[in-house]
Amino acid sequence: MHGFSYKKGSLHCDEVDLNELAATHGTPLYVYSGGTIIDHFQRLDQALSGVPHEIAYAVKANSNLSVLRLLAAQGAGFDIVSGGELFRVLKAGGEAAHCTFAGVGKTRAEITYALQQGIYSFNVESEEELLYLNQVAGELGLRAPAAVRVNPNVDAKTHKYISTGKSENKFGVDFEAIPELYARAAADLPHIQLRGLQMHIGSQLTSIDPFIEAVEKVVPLVRHLQQHHAIEFWSIGGGIGIVYQNSLESGSAEWWQSRSASELPLTIERYGKELVPRLKDLGLKILLEPGRYLVGNAGVLLTRCLYEKKGLAKTFKIVDAGMNDLIRPALYEGHHEIVPLTQPATAARVVVDVVGPICESGDFFCQDRALPDFHPGECVALMSAGAYGFAMASNYNSRPLPAEVLVEGAAARVIRRRQTLEDLIEGEA
Ligand code: LLP
């Protein structure tokens, strides 16, 4: 569910008219529903209520300070992947003691910064990294809290670029090698404090099966580690998928209620119902690292149609957002529903490509898709763009980054101003 729907013929985010926001702040424009983010956080929290847990929001999905602040106020911890993300969390009022630090390539500077700030755990991705962490912590006269990421060799059945839990992926340590590595750390690495175990098998999982398979495979390993080490948490990662195909309709509770279980994507209630019983007897704190689930359906990218170009083979609607603003279609063939801000008067459709201004053929938001017609000057929303949207935006083609607006009820606030041309050359000689 989410806060985007037509009201009086115009698409709204909660109580705010998106046509008005586009007119006031210009386009391309990211708009987020604070209410949706909070609702998703609370529903996940509720779904896991049967087990001691902490939700560590995966900052990479959307790292705007105001989004982080909103989640910190809900009691979220944070899963970070760089010193930059830790800096953002601290600036937003989050606590280092509730941060876990993931990623295969942590640098000395990042490790030092995170140690000095006192993060909860380094989620270590290789034996080499564990040795290095021990060394750096030793030099600082500290002990580094750590968990190793286990690669359970489970197929997440998602796009190959966002699948992380198979042996051929660069992530984590092979399942079979974990007990020996923990034994070695306990015996030989005095500056490592083994605190937990971590896993993450992939992103945008729309079936519960890979989650169950991974949890069932790793539970015996967790029990083994508990017997030999004082571990206190198991992070089962993120990866909960969201609705992209019926994004607008899925905003309402009725849509979810009108579908049979087999037609529905993974619901958060199902996620909790299947996983909690498999986790609750462990006596460990369960960490979750959701990114997309919390913010994905809570954001849209507004863009205005500049031109309509009818070629021999196709009709192109050229809009003012490009792949630099939202790269998911180009990079993962990601589907984002495209919805006119002014509610279409009829059910008529035209088959079009919606493309951006960037000088690349991969710069499209859809190809050969049947959409309600729209014309130059009119705006559309690219739905479900709250996760990995702005966060992956770039200045490619020297295009200033779009502004971001956070809606809370009837109030809309700019949470990042649009970049200027001067911003583009800042720091250059
Ligand atoms: N934990 C770890 C260790 C991760 O690598 C990730 C995502 C997450 C948690 C959060 O996963 P989520 O709950 O958001 O699925 N840019 C891609 C997604 C990349 C995900 C990378 N890792 C996209 O736009 O689909």
Side-chain angles (χ1 to χ4, degrees), residues 30 37 40-41 44 47-48 54-63 67 71 76-82 85 99-106 120-126 129 147-152 154 156-166 169-173 196-207 210-211 214 233-244 265-266 268 271 275 286-299 301 323 325-336 365 382-394:
Y30 274 98
I37 297 174
H40 285 190
F41 181 89
L44 179 57
L48 268 289
E54 178 160 342
I55 300 174
Y57 167 60
V59 173
K60 63 170 83 67
N62 185 326
S63 55
V67 171
L71 284 163
F78 297 94
D79 184 57
I80 58 170
V81 289
S82 67
E85 287 191 351
C99 285
T100 50
F101 191 168
V104 297
K106 303 176 190 78
Y120 179 63
S121 179
F122 289 86
N123 291 341
V124 171
E125 304 244 10
S126 64
E129 184 193 331
V148 176
R149 175 170 178 173
V150 56
N151 183 328
V154 166
K157 300 196 172 64
T158 181
H159 190 280
K160 64 175 190 246
Y161 286 3
I162 52 176
S163 185
T164 54
K166 291 278 285 173
N169 300 127
K170 69 178 175 183
F171 300 99
V173 172
L197 183 75
Q198 197 268 351
M199 72 178 192
H200 171 77
I201 57 173
S203 195
Q204 184 52 19
L205 275 68
T206 50
S207 155
F211 286 117
F233 80 90
W234 177 16
S235 172
I236 60 170
I240 304 160
I242 63 165
V243 172
Y244 281 105
L266 178 56
I268 206 60
Y271 179 83
L275 297 188
I286 300 300
L287 252 60
L288 304 152
E289 302 167 7
R292 192 187 320 259
Y293 171 73
L294 295 181
V295 294
N297 288 137
L301 174 59
M323 64 191 280
D325 302 303
L326 177 64
I327 203 173
R328 301 196 66 264
L331 195 55
Y332 316 107
E333 298 164 319
H335 179 103
H336 289 267
F365 293 118
L382 295 160
M383 302 295 294
S384 307
Y388 308 108
F390 188 93
M392 296 180 80
S394 77

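We count ligands from 1, going down the list as the structure has it; atoms in each ligand are counted the same way. None of these values were measured; they are calculated from a predicted model. Keep in mind that the numbers below use all heavy atoms, side chains included, and drop hydrogens, waters and symmetry copies.
Lys106 has a carboxylate O that lies under 4.0 Å from a charged side-chain N of Glu129, or vice versa, which qualifies the two as a salt bridge.
Each of the atoms 13 (O) of ligand 1 lies under 4.0 Å from some heavy atom of Pro290. Close approach to Asp79 involves these atoms of ligand 1, each under 4.0 Å from a residue heavy atom: 1 (N). Interface atoms of ligand 1 facing Gly239, defined by a heavy-atom separation under 4.0 Å, are 11 (O), 12 (P), 13 (O), 15 (O). Each of the following atoms of ligand 1 lies closer than 4.0 Å to a heavy atom of Met392: 16 (N). Of all atoms in ligand 1, numbered sequentially from 1 with element shown, those under 4.0 Å from a heavy atom of Glu289 are 1 (N), 2 (C), 3 (C), 8 (C), 9 (C), 10 (C), 13 (O).
In this structure, Leu48 and Ile55 have side chains that are not in contact, with every pair of non-hydrogen atoms separated by 4.5 Å or more. Side-chain atoms of Ile236 and Phe211, non-hydrogen and from C-beta on, never get closer than 4.5 Å to each other.
Contacts between Ser203 and ligand 1 below 4.0 angstrom, taking non-hydrogen atoms only, involve backbone and side chain alike.
In terms of N/O distances under 3.5 Å, ligand 1 is not approached by Gly238. Between Arg328 and ligand 1, at least one N/O pair is under 3.5 Å apart. For the pair Arg149 and ligand 1, the shortest N or O to N or O distance does not fall below 3.5 Å. Looking at Arg292 next to ligand 1, an N or O pair under 3.5 Å apart turns up. Here's the thing with Gly291: one of its N/O atoms is less than 3.5 angstrom from an N/O atom of ligand 1.
When all heavy atoms are compared, the tightest approach of Thr164 to Gly202 is OG1-N, 3.0 Å. Contact record, Arg292 with Tyr244: NH1-OH, 2.8 Å, taken as the closest heavy-atom pair. Leu301 and Ala385 make their closest contact through N-CB, 3.9 Å (heavy atoms, listed as atom of the first residue, atom of the second, distance). Taking both residues in full, the closest heavy atoms of Ala156 and Ile201 are given as CB-O, 3.4 Å, listed atom of the first, atom of the second, then distance. Residues Phe41 and Ala76 come closest through the heavy atom pair CE1-CB, 3.5 Å.
In this structure, the protein non-hydrogen atom closest to atom 21 (C) of ligand 1 is Lys60 CD, 3.8 Å. Looking from atom 19 (C) of ligand 1 to the surrounding protein, the closest heavy atom is Ile162 CG2, 3.6 Å. Of the protein's non-hydrogen atoms, the one nearest atom 8 (C) of ligand 1 is His200 CE1, 3.4 Å. Atom 14 (O) of ligand 1 has its closest protein heavy atom at Tyr388 OH, 2.6 Å.
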query = Are Tyr57 and Asn62 close enough, and set up right, to give a side chain to side chain contact (heavy atoms under 4.5 Å, CB included), and what steps lead you there?
reply = CA-CA 10 Å; Tyr57 167 60; Asn62 185 326; 3.3 Å; yes
ask   = Given the rule in the side chain to side chain contact (heavy atoms under 4.5 Å, CB included) test, do Asp325 and Leu382 qualify, once you have shown the distances and angles that lead to the verdict?
value = CA-CA 11 Å; Asp325 302 303; Leu382 295 160; over 6 Å; no
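The shell of residues lying under 4.0 angstrom from ligand 1, judged by heavy atoms, includes Tyr332. Residue-ligand proximity: Ala387 is placed with every non-hydrogen atom at 4.0 Å or more from ligand 1.
Using cut-offs of 30° and 60° for the angle between ring planes, the Phe233 and Tyr120 rings count as tilted.
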